[in-house]
Amino acid sequence: MILDLHGKLMGGPDADNIRDLLHGIIDGGSKKIIVNLGGVNWINSTGVGILMTGYTTMRRNGGDLKLLNVSDRLQSILYVTKLNLIFECFDDEAEAVESFFRE
Amino acid sequence: MILDLHGKLMGGPDADNIRDLLHGIIDGGSKKIIVNLGGVNWINSTGVGILMTGYTTMRRNGGDLKLLNVSDRLQSILYVTKLNLIFECFDDEAEAVESFFRE
Amino acid sequence: MSADILVAFPSEYKYLNLVDLVCNEIIDGMGFQHEAANEIAISVIEACTNALEHGNKCCPEENVHVIFSMQPDRLVVEIQDHGEGFDFKDYLKHIPDPTNIHKQRGRGIFIMKRMMDALIFEMLPDGGMKVKLEKMLSKNGN
Amino acid sequence: MSADILVAFPSEYKYLNLVDLVCNEIIDGMGFQHEAANEIAISVIEACTNALEHGNKCCPEENVHVIFSMQPDRLVVEIQDHGEGFDFKDYLKHIPDPTNIHKQRGRGIFIMKRMMDALIFEMLPDGGMKVKLEKMLSKNGN
Ligand SMILES: Nc1ncnc2c1ncn2[C@@H]1O[C@H](COP(=O)(O)OP(=O)(O)O)[C@@H](O)[C@H]1O
Ligand SMILES: Nc1ncnc2c1ncn2[C@@H]1O[C@H](COP(=O)(O)OP(=O)(O)O)[C@@H](O)[C@H]1O
């Protein structure tokens, strides 16, 4: 399951929307999710927190969440907060999908 | 003779630079000049005035000055100031060059 | 109800770019259409150029203040400098013909007047001059 | 000698974009390199987010003020809100571990502290809080 996010990712209403999206996906039976951030032109630490919460939610439900098309800026935030050790990041959709099957 | 301008065109030092350039061209014997504005990302009424002065200088010296790759914004300024009646504008370099030979 | 955004910058040409960026972002956000957007951006830059050149005499210690006031039906932009102003009442009665091909300058106010819905000059009580520009949002978003 | 640019905006998330634009333009103009530029922009946005959320409680009538002070050897950015501040002295002693995977929030100050050369909190005498961020221009332009 690939979730394409667009626009801004920075808390406020965005947090709720994404939580709802993820719960919808879990309820629909999917456990493996790739969040495509290619369309996200704007992110801050709260946006990263939203992804983190999504990750925790998926793991708690026996699933996983990986990131696709991480911008330079997000990369810097992940690196400094050491969350790069938690999130698997990919630049290539096929590789991201494949990684789920290899496990 | 095609003069490629780049960056900003807005008075201050720009005015002097362009005056010098044009005089250099006239002194070099060229009389027909096409100002390519494709690289100009920024212009205001003073920039238009600079072009106007250039035009006058060329005409006084028996030459001509035409514009190539006029941005939307410049187009609006030329239109409102009716200078569109004075400047010949082209989107295509070959056409601009050809227009000098047709005269 | 109006939301205001203020930008203040030193009186140097190189900062006009920055005002242009902010202006375009605000215009876009309000939903002005392409032509109106162009007219606003051009006029704001003309007013800022005058403020920094004629008002503040390009003195980098003097700031130009720009206030963008986003109102439901219009954008109002106020540009303030710390200069002595000029005899705008008289000037507005005899705006020179901008087609005069021998003049390099003197087209700014003509352009603002033609492109905006309102152009108001005002001397500030504490010194300095204010130029107020208004553009209406037409009902179809123009 | 420093040149200052001021931006003030209502406490709404949608204006963060505009601050980001201005910030990037200033950073570029000063010649910061890519990584440092990213770190400044991220930190300024974190500080502005805190100012509008925690300081001004997202009240659109309250402005956030951002002053970019371009100095020969560094950029100093001051972000001011009208809120009551918080116990930053204590907070800075025990910044929570940002890898704590169960928390959605609480990484902003940690990020600013790591990315900038200086991070200073201050209560304003007239009320409100000021956060001061500094980044040095390294000699090779980084
Ligand atoms: N902010 C200002 N402060 C003082 N004088 C001004 C200001 N704005 C305009 N003026 C005066 O009005 C004249 C016409 O301005 P404008 O039409 O913009 O043309 P230009 O700036 O090219 O001269 C200026 O030459 C100047 O004398
Ligand atoms: N401008 C501010 N005004 C009041 N409190 C603040 C301000 N900035 C930060 N804080 C306090 O510091 C805490 C930590 O901030 P931060 O690390 O940015 O994380 P977050 O904003 O995600 O909570 C905030 O939860 C808030 O209590």
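In what follows, every chain begins at residue 1, and chains take the letters A, B, ... in the order their sequences are listed. Side chains are part of it too, since the values below use all heavy atoms of this structure and drop only hydrogens, waters and symmetry mates. Not measured: the values here are computed from a predicted model.
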Query raised in the report: What part of D:D20 lies closer than 4.5 angstrom to a heavy atom of chain A: side chain, backbone, both or neither?
Result: side chain
Query raised in the report: Which atoms of D:I45 come close to chain A, meaning under 4.5 Å heavy atom to heavy atom: side chain ones, backbone ones, both, or neither?
Result: side chain
Requested in this report: Show your reasoning for whether side chain to side chain contact (heavy atoms under 4.5 Å, CB included) applies to D:F110 and A:S45.
Outcome: CA-CA 10 Å; D:F110 178 87; A:S45 75; over 6 Å; no
Requested in this report: Find out whether the Lys NZ or Arg CZ of A:K66 is both under 6.0 angstrom from the six-membered ring centre of A:F100 and within 45° of the ring's axis.
Outcome: yes
Query raised in the report: Can you tell me if A:N69 and A:N36 form a side-chain donor-acceptor pair at under 3.5 Å?
Result: yes
**Report entry** Whether D:F121 and D:F86 hold their rings parallel, tilted or perpendicular, with breakpoints at 30° and 60°
**Finding:** perpendicular
Query - Proximity breakdown for A:L85 and chain D, heavy-atom pairs closer than 4.5 Å - result: neither
